[in-house]
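The analysis underlying the following values was restricted to heavy atoms, covering all of them including side chains, and did not include hydrogens, waters or symmetry mates.
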Amino acid sequence: QVRLVESGGGSVEAGGSLRLSCVASEVTSSIRNIRSWGWFRQTPGKGREGVAILNSMGRTNYVDSVKGRFAISKDNAENSLYLQMNSLKPEDTAMYYCAADLFDYYDLGTVQGFQYTGQGTQVTVSS
């Protein structure tokens, strides 16, 4: 079991930026076995949506609506995953979740089904 804890959410005006962080800690499994990391978001009306993914080969993938605005990155030394979000829009408002899996994935549709998921951090963007 790998524990994921997100932080960095908050309220921001449209056009602003936020940086989400996700710290991973081991409970019964080794973080070194994780091969895919990602972020997905959830809203009451839209359901869950994969936002970004980073796999062990260094490949990244983003949902079209955030391309050019969001960037996923990882600090192996700190066991931390990040999501830099720039030029935020009201439609980015959602609960954002960090996720990790033992297999390599590239398809954004897989992120919300990853084996390990955090508790989420709320992002609210006002117009």
Side-chain angles (χ1 to χ4, degrees):
Q1 185 76 15
V2 174
R3 183 168 179 252
L4 304 174
V5 179
E6 303 96 333
S7 63
S11 296
V12 65
E13 292 185 352
S17 298
L18 285 173
R19 188 191 194 207
L20 304 185
S21 298
C22 172
V23 178
S25 59
E26 301 174 355
V27 179
T28 59
S29 301
S30 173
I31 294 172
R32 290 175 295 178
N33 293 330
I34 298 297
R35 301 186 69 82
S36 292
W37 300 86
W39 292 92
F40 68 91
R41 59 190 179 188
Q42 184 168 10
T43 59
K46 202 173 180 180
R48 292 185 170 188
E49 177 184 50
V51 175
I53 191 170
L54 169 65
N55 67 18
S56 67
M57 293 173 283
R59 297 182 70 191
T60 59
N61 194 10
Y62 299 91
V63 66
D64 286 345
S65 61
V66 309
K67 284 180 180 177
R69 301 188 298 122
F70 289 13
I72 187 172
S73 63
K74 188 173 181 296
D75 184 331
N76 292 325
E78 298 293 329
N79 288 328
S80 295
L81 183 73
Y82 302 101
L83 185 68
Q84 178 67 45
M85 306 187 296
N86 299 325
S87 303
L88 282 161
K89 303 176 181 180
E91 50 264 43
D92 294 320
T93 295
M95 183 73 80
Y96 283 73
Y97 296 86
C98 169
D101 200 278
L102 301 177
F103 293 93
D104 265 315
Y105 292 102
Y106 184 73
D107 184 351
L108 284 168
T110 62
V111 179
Q112 49 265 46
F114 277 9
Q115 186 167 1
Y116 305 114
T117 304
Q119 295 301 306
T121 184
Q122 177 68 37
V123 171
T124 302
V125 185
S126 59
S127 57

- Does anything in residues 92-112 pair up under salt bridge (Lys or Arg N to Asp or Glu O under 4.0 Å), and if so which pairs, sequence neighbours excluded? R35-D104, R41-D92, R69-D92

- Quick one: closest heavy-atom pair of A100 and I34, and the distance? CB-CG2, 3.7 Å

- Message: Holding to side-chain hydrogen bond (donor to acceptor under 3.5 Å, both in side chains), I want the full list of residues that pass it with K46, two or more places apart in sequence or in another chain.
- Response: none

- Under the side-chain hydrogen bond (donor to acceptor under 3.5 Å, both in side chains) rule, collect the residues that match up with Q42, sequence neighbours excluded. R48

- To the nearest 0.5 Å, tell me how far W39 CH2 sits from Q112 CD. 14.5 Å

- Query: Would a 4.5 Å heavy-atom cut-off, applied to side chains only, mark Y62 and I72 as touching?
  - Reply: yes

- Query: Taking only residues two or more places apart in sequence, or in another chain, which ones meet S17 in a side-chain hydrogen bond (donor to acceptor under 3.5 Å, both in side chains)?
  - Reply: N86

- Can you pull the ring pair (Phe, Tyr, Trp, His ring centres under 6.0 Å) pairs that have at least one residue in residues 79-114, sequence neighbours excluded? F40-Y97, Y105-F114

- Tightest non-hydrogen contact, residues S73 and L81, listed as O-CD1, 3.3 Å

- Task: Find the distance between CH2 (W37) and OG (S56) and round it off to the nearest 0.5 Å.
- Result: 12.0 Å

- How many angstroms lie between atom OG of S7 and atom CD of Q119, to the nearest 0.5 angstrom? 13.5 Å

- Item | I31 versus A24, closest heavy-atom pair with distance | CD1-O, 3.4 Å

- Task: Could you tell me which non-hydrogen atom of G50 sits nearest to which non-hydrogen atom of V63, and how far apart they are?
- Result: O-CB, 3.5 Å

- Item | Stepwise side chain to side chain contact (heavy atoms under 4.5 Å, CB included) test for L88 and L18 | CA-CA 8 Å; L88 282 161; L18 285 173; 4.1 Å; yes

- Item | Close side-chain approach of V123 and M85, heavy atoms under 4.5 Å | yes

- How would you list all residue pairs meeting disulfide (SG to SG under 2.5 Å) that involve residues 65-99, not counting sequence neighbours? C22-C98

- Taken to the nearest 0.5 Å, the spacing of Q84 CD from S21 OG works out to 9.5 Å

- Query: How would you list, by chain and number, every residue that makes a side-chain contact (heavy atoms from CB on, under 4.5 Å) with T124, sequence neighbours excluded?
  - Reply: S11, T93, Q122

- Query: If you take all heavy atoms of A52 and V111, which pair is closest and at what distance?
  - Reply: O-CG2, 4.1 Å

- Evaluation steps, side chain to side chain contact (heavy atoms under 4.5 Å, CB included), between L102 and Q115: CA-CA 7 Å; L102 301 177; Q115 186 167 1; 3.4 Å; yes

- Message: Quick check: do N61 and L54 have side-chain heavy atoms less than 4.5 Å from each other?
- Response: no

- Test side-chain hydrogen bond (donor to acceptor under 3.5 Å, both in side chains) applied to K74 - qualifying residues, sequence neighbours left out: N76

- Report the distance from atom OG of S25 to atom CD of Q1, rounding to the nearest 0.5 Å. 9.5 Å

- Message: Any non-hydrogen side-chain atom of P90 less than 4.5 Å from a side-chain atom of S127?
- Response: yes

- Message: Contact between T110 and L108 at the side-chain level, heavy atoms closer than 4.5 Å - yes or no?
- Response: no

- Message: Hydrophobic clusters here meaning ILVMFWY residues chained together by side-chain heavy-atom distances under 4.5 Å, can you tell me if L20 and V23 are in one?
- Response: no

